[in-house]
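One-based numbering along the sequence shown. Note that this is a predicted model, so its numbers are computed, not measured.
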Amino acid sequence: MEKKLKLGIPKGSLEKATIELFEKSGWRINVHHRSYFPEIDDEEIECAICRAQEMSRYVEQGILDCGITGKDWILENDSKVHYVTELVYSKVSKRPARWVLAVPADSNIQKLEDLEGKKIATELVNFTKRYFSERGINVQVEFSWGATEAKVVQGLADAIVEVTETGTTIRAHGLKIIHELMQSTPHLIANEKSWADPWKRKKIEQLAVMLKGALRAHRLVGLKMNVAKENLEKIVSILPSLNAPTISPLYESDWFAIETVVAEDVVRELVPKLLEGGAQGIIEYALNKVI
């Protein structure tokens, strides 16, 4: 019987970013309209799309061997799964999502203790209940089906616990953030029995290596250049690098080829310095993965 790894892709806000990450990692995933079973160009993998909120439960139960979901939903579901690796990316940026406590901008509520006996609306009900209980603060936590910011504006709750990356939407609704409960990033997780299976574990580890490699390459570029022998030390001292740059002598010449990897945002300042130092033929190129 042909072996298959059942992989969960998060539906919703992370879906597009996840599929793009897999493509950079070497796997092309095609999502068909109204289909929950995308095609992937790997005969050893079967894909299924499900909500990030539910992913950890399906992985815990073994319906999926592995999947990608936020740490927040793993904690919300209190799922017993194997954490394979953290994958720092999101729908907007490469920053973690933040679950924050927000109240009206003119509210007298300034800290957690001020919420004693108050009502909080959130989608992250179980985690929020545990968070306040562990601190001995008695609050009423109600599930919000959406438009959570409006619950406070309409007087339906005293505060909200909501996810944000920049805080822009929360401030736009006339609210202020008074506390951060946690930061959450996507994680590749595995069913514990699947992780114990040698073939499945090897396949999951392959996914982890390539996905992490694609993420490391974000905002990094490669630089190549030619440098005369008398300028070599000067140029090497200018170059930032993940490790020491690669230096190779050019054929029958006193010149050398230098290749290195640098952060994309330093290139505009770096190239003029390299030219002043005597570098020639500078080439910048994009990177798909850094492993």
Side-chain angles (χ1 to χ4, degrees), residues 4-32 35-99 123-124 127 163-165 182-197 199-218 288-291:
K4 293 279 189 179
L5 184 77
K6 297 177 181 178
L7 168 67
I9 302 296
K11 183 176 178 61
S13 60
L14 277 178
E15 181 178 340
K16 181 180 178 182
T18 299
I19 291 172
E20 289 175 352
L21 176 59
F22 268 88
E23 184 166 356
K24 290 179 181 178
S25 303
W27 286 274
R28 185 177 296 275
I29 297 174
N30 294 315
V31 180
H32 300 291
S35 172
Y36 289 94
F37 302 98
E39 293 179 354
I40 184 169
D41 59 348
D42 188 328
E43 294 181 353
E44 296 178 337
I45 299 177
E46 289 181 354
C47 285
I49 287 185
C50 64
R51 288 169 57 85
Q53 292 91 328
E54 302 171 318
M55 183 75 72
S56 68
R57 294 204 300 265
Y58 294 143
V59 172
E60 180 181 20
Q61 295 164 9
I63 297 171
L64 297 171
D65 293 306
C66 62
I68 294 176
T69 188
K71 179 183 177 182
D72 44 6
W73 299 115
I74 303 170
L75 295 176
E76 170 70 4
N77 296 327
D78 197 22
S79 297
K80 304 300 184 289
V81 294
H82 181 81
Y83 286 78
V84 179
T85 190
E86 180 184 33
L87 301 169
V88 183
Y89 72 103
S90 68
K91 62 181 178 180
V92 175
S93 68
K94 297 298 183 289
R95 292 175 293 187
R98 302 158 54 221
W99 282 92
E123 191 178 356
L124 203 72
F127 177 85
V163 66
T164 184
E165 289 186 28
M182 74 163 157
Q183 293 189 1
S184 175
T185 53
H187 280 68
L188 175 62
I189 58 174
N191 173 268
E192 291 183 343
K193 289 184 179 179
S194 299
W195 187 249
D197 179 283
W199 183 87
K200 289 184 177 181
R201 177 168 178 165
K202 185 176 181 179
K203 191 67 180 179
I204 295 169
E205 288 176 333
Q206 177 194 9
L207 290 173
V209 167
M210 302 308 287
L211 291 169
K212 292 285 283 187
L215 286 173
R216 288 192 193 100
H218 178 65
N288 284 329
K289 289 174 280 293
V290 176
I291 299 171

Query raised in the report: For the atom pair OG1 (T18) and OH (Y89), what is the distance rounded to the nearest 0.5 Å?
Result: 2.5 Å
Query - From CA spacing to verdict: salt bridge (charged side-chain N to carboxylate O under 4.0 Å, His left out), E20, K24 - result: CA-CA 6 Å; E20 289 175 352; K24 290 179 181 178; 5.9 Å; no
Query raised in the report: Taking C-beta and beyond as the side chain, do L7 and W27 meet within less than 4.5 Å on heavy atoms?
Result: no
Query - Contact summary for I49 and K11, nearest pair of heavy atoms - result: CG2-CB, 3.2 Å
Query raised in the report: Heavy-atom count around R98 CZ within 6.0 Å, excluding the residue itself: above 12?
Result: yes
Report task. For V163, enumerate each residue passing the side-chain contact (heavy atoms from CB on, under 4.5 Å) test, keeping only those at least two apart in sequence or located in another chain. Result -> A97, W99
Requested in this report: Please report the closest heavy-atom contact between M55 and L64, naming both atoms and the distance.
Outcome: SD-CD1, 3.6 Å
**Report entry** From L21 atom CG to M210 atom CE, the distance as rounded to the nearest 0.5 Å
**Finding:** 11.0 Å
Query raised in the report: Mind checking what makes side chain to side chain donor-acceptor pair (under 3.5 Å) contact with E54, not counting sequence neighbours?
Result: none
**Report entry** Note, K202 side chain near Q206 side chain (heavy atom, < 4.5 Å)
**Finding:** no
Query raised in the report: Do other residues, nucleotides or ligands put more than 12 heavy atoms under 6.0 Å from K4 NZ?
Result: yes
**Report entry** Residue list, ring pair (Phe, Tyr, Trp, His ring centres under 6.0 Å) with Y36, at least two apart or on another chain
**Finding:** none
Query raised in the report: E86 and K212: which non-hydrogen atoms are nearest, and at how many Å?
Result: O-NZ, 3.2 Å
Query raised in the report: Does the salt bridge (charged side-chain N to carboxylate O under 4.0 Å, His left out) test come out yes or no for E23 and R28, once each step is laid out?
Result: CA-CA 5 Å; E23 184 166 356; R28 185 177 296 275; 3.3 Å; yes
Query - Value rounded to 0.5 Å, distance of CG in D72 from CG in L75 - result: 7.5 Å
Report task. Report yes if the side chains of L211 and S25 come closer than 4.5 Å at any heavy-atom pair, otherwise no. Result -> yes
**Report entry** Derivation of the side-chain contact (heavy atoms from CB on, under 4.5 Å) call for I74 and V81
**Finding:** CA-CA 8 Å; I74 303 170; V81 294; 4.1 Å; yes
Report task. Kindly write out the residues that satisfy side chain to side chain donor-acceptor pair (under 3.5 Å) with S79, not counting sequence neighbours, or none if the list is empty. Result -> S56
Report summary line: Applying salt bridge (Lys or Arg N to Asp or Glu O under 4.0 Å) to D65 and not counting sequence neighbours gives K200
Query raised in the report: Which atom pair, heavy atoms only, marks the closest approach of T185 to L87?
Result: CB-O, 4.3 Å
Query - Donor-acceptor pair, side chain of N191 and main chain of E60, under 3.5 angstrom - result: yes
Report task. Side-chain contact test, heavy atoms from C-beta onward, threshold under 4.5 Å: evaluate it for F22 versus I68 and give yes or no. Result -> yes
Requested in this report: Test side-chain contact (heavy atoms from CB on, under 4.5 Å) on L124 and M182 and set out the steps.
Outcome: CA-CA 11 Å; L124 203 72; M182 74 163 157; 3.7 Å; yes
Query raised in the report: Angle class for the W195/H82 ring planes (parallel below 30°, perpendicular above 60°, tilted otherwise)?
Result: parallel
Requested in this report: Just jot down the salt bridge (Lys or Arg N to Asp or Glu O under 4.0 Å) partners of E44, sequence neighbours excluded, or say none.
Outcome: K203
Report task. Using modelled atom types only, decide if a donor and an acceptor are shared between the side chain of E39 and the backbone of N30 within a distance under 3.5 Å. Result -> no
Query raised in the report: How many angstroms lie between atom OG of S13 and atom CZ of R51, to the nearest 0.5 angstrom?
Result: 9.5 Å
Query - Heavy-atom side-chain proximity of W73 to E123 below 4.5 angstrom - result: yes
Report task. To the nearest 0.5 angstrom, please state how far the CG atom of L188 sits from the OG1 atom of T69. Result -> 11.0 Å
Report summary line: L207 and I45 have their tightest heavy-atom pair at CD2-CD1, 4.1 Å
Report task. Check step by step if side-chain contact (heavy atoms from CB on, under 4.5 Å) holds for I9 and I40. Result -> CA-CA 11 Å; I9 302 296; I40 184 169; over 6 Å; no
Query - Closest approach of I291 to G213 (non-hydrogen atoms, all atoms of both residues) - result: CG1-CA, 3.8 Å
